[in-house]
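All values below come from the heavy atoms of this structure, side chains included, with hydrogens, waters and symmetry mates left out. Values in this document were obtained by computation on a predicted structure and should not be read as measured data.
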Amino acid sequence: MHSDGRRTPAEVAAAARAAGLDFIATTEHNTTSGHGAWEGLWGNDLLILCGEEVTTRNGHYLALGVDPGTFVDWRYRARDDAYERYVRRIHRAGGLVVPAHPNCPFVGCQWKFGYAGADAVEVWNGPWTPDDELALAAWDNMLVESCLRRGGDGRGRWIPAVGNSDAHREPQAVGLPQTVVHAGDLSRAAVLEGIRAGRSWLAESSGIGLELSAAGPRGEHAGIGELLRVTPDTAVAVRLEVTGVPDGTVRLLTDQGEMRSERLPASGTGTVLWRTTASLAAYVRAEVRRPAQDGGAGLPGPMAAMTNPLWLEAC
């Protein structure tokens, strides 16, 4: 409403509640003037995070969850040596830096700044499109690259994925997609920490349920965004539970690519079990796809849900 939106804050808050969301972020383009317009619209059932969509000359990024009133300038290109300064400003204001729709084909939208300083990356923006497919492939390559930079915690620095509906006006759906965060409570600090740590997964709606976990033989356990340490050839049991995707296709992927694929029944509910070892897989992540459209032409169907990885370390 304070940049190019066509909904009032009250309408967005109502749409968020109707979509079953627990939190939303307000990120008007290049302004903080709308932060105060949300007064009185939050509650115990809905957290509202302040932010800004910074529309630079070489891509957009979100200043997500910053202190209210924190302004980030947008008038620069990748070669102007300004981005790093504003990354520091966002972090000092308690927020996250999230490159948005990095493969959007429009002029000025494609991301050119690299990912140093980024806390997450938006791989899914609105209804699933080929732009998102490109962003997903690039993100997966970054996960593989992080395996080559393993540190003391078994992982190199990795960047979690997020999804945002970017819903400006009717009929764009608020909450398509949404980021589901495993957080200790519904607070700004807890939600941002969950996003930063990658303890999250993405879904097209709150009607989809998903759980991904890995377990070792001695009670070792890890969920999304977490690390499981086992000896190199110890069998690890990976379990994925899905609800709400009739006739969907489940894919389990590692740093070696797709390792397992199964079709869900017409009920949309299913459990996929798979066994691996830390010597064979550095991470495991899941995708749940809708049936391919128009015959698919060999392409996967639209995304219904996807996870950040859980990590395996040989110790």
Take Val272 and Arg260 through the side-chain contact (heavy atoms from CB on, under 4.5 Å) test and state the conclusion after the steps. CA-CA 9 Å; Val272 177; Arg260 191 172 185 86; 3.8 Å; yes
Would you call Asp80 and Arg57 a salt bridge, using N to O less than 4.0 angstrom?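 Here Asp80 does not pair with Arg57 in a salt bridge, since their nearest N and O are not under 4.0 Å apart.
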Hydrophobic cluster mates of Leu253, side-chain heavy atoms under 4.5 angstrom, ILVMFWY only, any path?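 Members alongside Leu253: none; it stands by itself.
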Residues clustered with Leu273, ILVMFWY side-chain links under 4.5 angstrom: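 Noted: Leu273 shares its cluster with no other residue.
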Return yes if some donor-acceptor pair links the side-chain N/O of [X] with the main-chain N/O of [Y] below 3.5 Å, else return no.
| X | Y | answer |
| --- | --- | --- |
| Trp139 | Asn141 | no |
| Asn308 | Ala161 | yes |
| Ser200 | Val181 | no |
| Arg77 | Thr56 | no |
| Thr277 | Asp233 | no |
| Glu226 | Leu310 | no |

Minimum side-chain heavy-atom gap [X]-[Y] below 4.5 Å:
| X | Y | value |
| --- | --- | --- |
| Ile90 | Leu96 | no |
| Leu212 | Trp201 | no |
| Thr179 | Leu202 | yes |
| His91 | Asp119 | yes |
| Cys50 | Thr32 | no |
| Asp131 | Asn125 | no |
| Asn164 | Thr27 | no |
| Thr70 | Arg89 | yes |

Go through it in stages, so that I can follow the logic: the residues are Leu21 and Val174, the test is side-chain contact (heavy atoms from CB on, under 4.5 Å), and I'd like the CA-CA distance, side-chain angles, deciding distance and then a yes or no. CA-CA 9 Å; Leu21 302 184; Val174 173; 4.0 Å; yes
What residues, two or more places apart in sequence or in another chain, satisfy side chain to side chain contact (heavy atoms under 4.5 Å, CB included) together with Thr55? His29, Asn30, Glu53, His60, Trp74
With sequence neighbours excluded, tell me which residues meet side chain to side chain contact (heavy atoms under 4.5 Å, CB included) with Thr269.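 Listed in chain order: Thr243, Ser267.
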Tell me every residue that passes ring pair (Phe, Tyr, Trp, His ring centres under 6.0 Å) with Tyr83, counting only those two or more places apart in sequence or in another chain. Tyr61, Trp111, Phe113
Residues that [X] engages under salt bridge (charged side-chain N to carboxylate O under 4.0 Å, His left out), provided they are two or more places apart:
| X | result |
| --- | --- |
| Glu133 | Arg289 |
| Arg239 | Glu241 |
| Glu11 | none |

With sequence neighbours left out, write down each residue that passes side-chain hydrogen bond (donor to acceptor under 3.5 Å, both in side chains) with Asp45, or none if nothing qualifies. Arg17
Taking all non-hydrogen atoms of both residues into account, name the closest pair between [X] and [Y] and its distance.
| X | Y | result |
| --- | --- | --- |
| Asn58 | Ala78 | OD1-N, 2.8 Å |
| Gly198 | Ile224 | O-CG2, 3.5 Å |
| Ile208 | Ala305 | CG2-CB, 4.1 Å |
| Ala135 | Glu122 | CB-O, 4.5 Å |
| Pro309 | Arg285 | CA-CB, 3.9 Å |
| Gln110 | Cys104 | CG-O, 2.8 Å |

Test log, rule side-chain contact (heavy atoms from CB on, under 4.5 Å), inputs Leu264 and Val288: CA-CA 9 Å; Leu264 292 171; Val288 186; 4.1 Å; yes
Show your reasoning for whether ring pair (Phe, Tyr, Trp, His ring centres under 6.0 Å) applies to Trp38 and Trp42. CA-CA 7 Å; Trp38 296 86; Trp42 58 80; 9.0 Å; no
Which residue pairs pass the ring pair (Phe, Tyr, Trp, His ring centres under 6.0 Å) test when at least one of the two sits in residues 239-285, sequence neighbours left out?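 Counting only pairs at least two positions apart or across chains, the ring pair (Phe, Tyr, Trp, His ring centres under 6.0 Å) contacts touching residues 239-285 are Tyr283-Trp311.
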Would you say CG of Asp81 has more than 12 non-hydrogen atoms from neighbouring residues, nucleotides or ligands within 6.0 angstrom?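 Check fails, neighbour count at 12 or below.
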Scan residues 202-223 for pairs that pass side chain to side chain donor-acceptor pair (under 3.5 Å), counting only residues two or more places apart or in two chains. Glu204-Arg290
Please evaluate residues Val230 and Val236 with respect to the criterion side-chain contact (heavy atoms from CB on, under 4.5 Å), reporting the C-alpha separation (whole Å), side-chain torsions for both, the decisive distance (0.1 Å), and the verdict. CA-CA 8 Å; Val230 291; Val236 173; 3.8 Å; yes
For a quick test of your reading: what N or O donor-acceptor pairs under 3.5 Å do the side chains of residues 185-195 make, sequence neighbours left out?
from   : atom 1 : to     : atom 2 : distance (Å)
Asp185 : OD1    : Ser187 : N      : 3.2
Asp185 : OD1    : Ser187 : OG     : 2.4
Ser187 : OG     : Ala190 : N      : 3.2
Arg188 : NE     : Gly65  : O      : 2.9
Arg188 : NH1    : Asp67  : OD1    : 3.0
Arg188 : NH2    : Gly65  : O      : 3.0
Arg188 : NH2    : Asp67  : OD1    : 2.8
Arg188 : NH2    : Ala93  : O      : 2.9
Glu193 : OE1    : Arg196 : NH1    : 2.8

